Protein chains: 2
Amino acid sequence: MKKAELTRQHVLDTALALFRKRGFEETTMRDIARAAGLALGAAYYHFPSKDALLFAFYDANQSATEARTRVYPTGEPLRARLGRLFHDRLHDVAPNRTLLGAIIPRHANPADPVSAFSAESADVRARAIALFDAAIAPEDLPPPTRALVARALWAAHLGILIYFADDRSPGQRKTHRLVDDVLDLVTPLVALARTPAAAPLVAQVVRAASRAMQPDRRSGPRGPRSRSRAG
Amino acid sequence: MKKAELTRQHVLDTALALFRKRGFEETTMRDIARAAGLALGAAYYHFPSKDALLFAFYDANQSATEARTRVYPTGEPLRARLGRLFHDRLHDVAPNRTLLGAIIPRHANPADPVSAFSAESADVRARAIALFDAAIAPEDLPPPTRALVARALWAAHLGILIYFADDRSPGQRKTHRLVDDVLDLVTPLVALARTPAAAPLVAQVVRAASRAMQPDRRSGPRGPRSRSRAG
DNA sequence: CCTAGATTGTGAACGTGTTCAAAAAAGGAG
DNA sequence: CTCCTTTTTTGAACACGTTCACAATCTAGG
């Protein structure tokens, strides 16, 4: 089992290097195998598909962002916490920014295994959401609201990444600016949302959102539960 | 020139029928050619790529939505106008809902010719935005705000379509419910945004948005303008 | 009708991601 | 070491989207 692990890592490193240099679509599985000093089939022995290489990168990159210790100093304001999180995330992604063009589009297709909404990426997604959840934890929101806000932040972060992928301004400063603009706009709303006057509106939002995120209802809710395949 | 037009339409019809029945990825260009009674190369004579077939559909579908007369009765409230527009759009798309899974993901990649952000689809996009612009026209917003709101609605509509594509609830009622929920939440904000108290906030939003949508600034803004390729 | 030129159609061939039967290498038990 | 099993590697082969040199068909002009 030692040999495989080593080769696997070597293939992945080779692939990512080529992806970064030439782009995802432009890099051939045959290129990767050749560059790694292997036959085509060997590459497929370690990675079931070209997408799997992309997914492995996605996963590793997520781990990198997680590696930053996400312990927020007590008293650090929400705006600062979110700012740090978003900007750091951009910096982590930056070296592989061109790869985003290959990954992002697939996020929109729930049937795609690479998608941000697919079952296959459920754990990576959960970990990503957890990062945002940690950032808002000190706010002590009621659990449903908190879960909702964390998801919303994660979704916003996906949008930011789409923008980032195509941002050709030097240093992608436009994206960083956008992050600051959005946070400056949204963060004050959190304080506002906690006033009693806003309570009904907040409730309305939470209700609508949880409705939308609920899985499809079965036609017959009564009767004994039977495990059936979700075709 | 008559023959070609006829064959072209025949190929397109055949292709769309197959796409609807079997899905986009699952349908082969060879399938299409065979079903249309042509050789493979002939299909490529009329459509430069498989994507071109998708794009032709995209365009035709947009025209279908436009065909509904978008003359809003005077006095019809904003909420009703938008509701009609969104729900009607969903109904127009519904017969080809499965095709969305093929189109939507590519919308996120600006480098993709099919993308909603690409130069190639600029006119279709402009026409789509115009639909939303017409719906908010009676509100008499200041032009920059109006343009922004129209674009925002269009973007929201893209998001709704993503949700729609994966909505397996009967009749996709979940998506229709989501549309209503979102409109119920957002429409009142428009009225709110027009109060003098909200003016600074609105200005802030408009400023941030136009910054984000501005094309990349050249490094040297001075000196004579020279047309240079945007590599 | 004929024929030159344009238009439209043909199908083999290319490069791609992926699969697979079989070969090679590695391990373990005797 | 030898034999057997498991792991790893190989490269030919498949179906796909796409290209292209060529063939068939159509259209004018004589």
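Just so you know, these numbers use all the heavy atoms, side chains as well, and skip hydrogens, waters and symmetry mates. Nothing here was measured: the structure is a model prediction, and the numbers come from that model. Letters go in sequence order (proteins before strands), and every chain restarts at 1.
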Residue A:Ala4, side-chain atoms from C-beta onward, closest of D:dT9, D:dT8, C:dG17: D:dT8

Integer-rounded Å distance: C:dT10 P and B:Arg34 CZ: 14 Å

Over 12 foreign heavy atoms within 6.0 Å of CZ, A:Arg20: yes

Touch class at under 4.0 angstrom, heavy-atom based, for A:Leu40 against every strand present: base

A:Arg177/A:Asp167 salt bridge by N-O under 4.0 Å criterion: no

Spacing of B:Lys3 atom NZ relative to D:dT25 atom C1', expressed in whole Å: 7 Å

B:Ile32 CD1 to D:dC16 P, straight-line distance once rounded to whole Å: 11 Å

Salt bridge (charged side-chain N to carboxylate O under 4.0 Å, His left out) contacts in which one or both residues fall within residues 8-18 of chain B, not counting sequence neighbours: none

Length of the CZ-P vector between A:Arg30 and D:dT10, whole Å: 15 Å

Smallest separation among heavy atoms of B:Leu85 and B:Leu131, with atom names: CD2-O, 3.7 Å

Estimated bend of the helix from C:dC1-D:dG30 to C:dG30-D:dC1 (axis per five terminal pairs, rounded to 10 degrees): 20°

Side-chain N or O of B:Tyr45 closer than 4.0 Å to phosphate OP1/OP2 of C:dG9: no

Nearest-angstrom distance from the residue atom CG of B:Leu6 to P of D:dC26: 14 Å

Aromatic ring pairing B:His157/B:Phe132, orientation class (parallel under 30°, perpendicular over 60°, tilted between): tilted

Any A:Thr7 side-chain nitrogen or oxygen under 4.0 Å from OP1 or OP2 of D:dT9: yes

For atom CZ of B:Arg8 and atom P of C:dG9, their distance in whole Å: 13 Å

Given DNA chain C, 5'-ward residue of the pair A:Met29 and B:Ala39, judged by closest heavy atom: B:Ala39

A:Glu25 CD to D:dC16 P, straight-line distance once rounded to whole Å: 19 Å

Salt-bridge criterion met for B:Asp166 and B:Arg168 (N-O under 4.0 Å): yes

Crowding at CZ, B:Arg22 (>12 non-hydrogen neighbours, <6.0 Å): yes

Spacing between B:Leu38 atom CG and D:dA24 atom C1', to the nearest angstrom: 14 Å

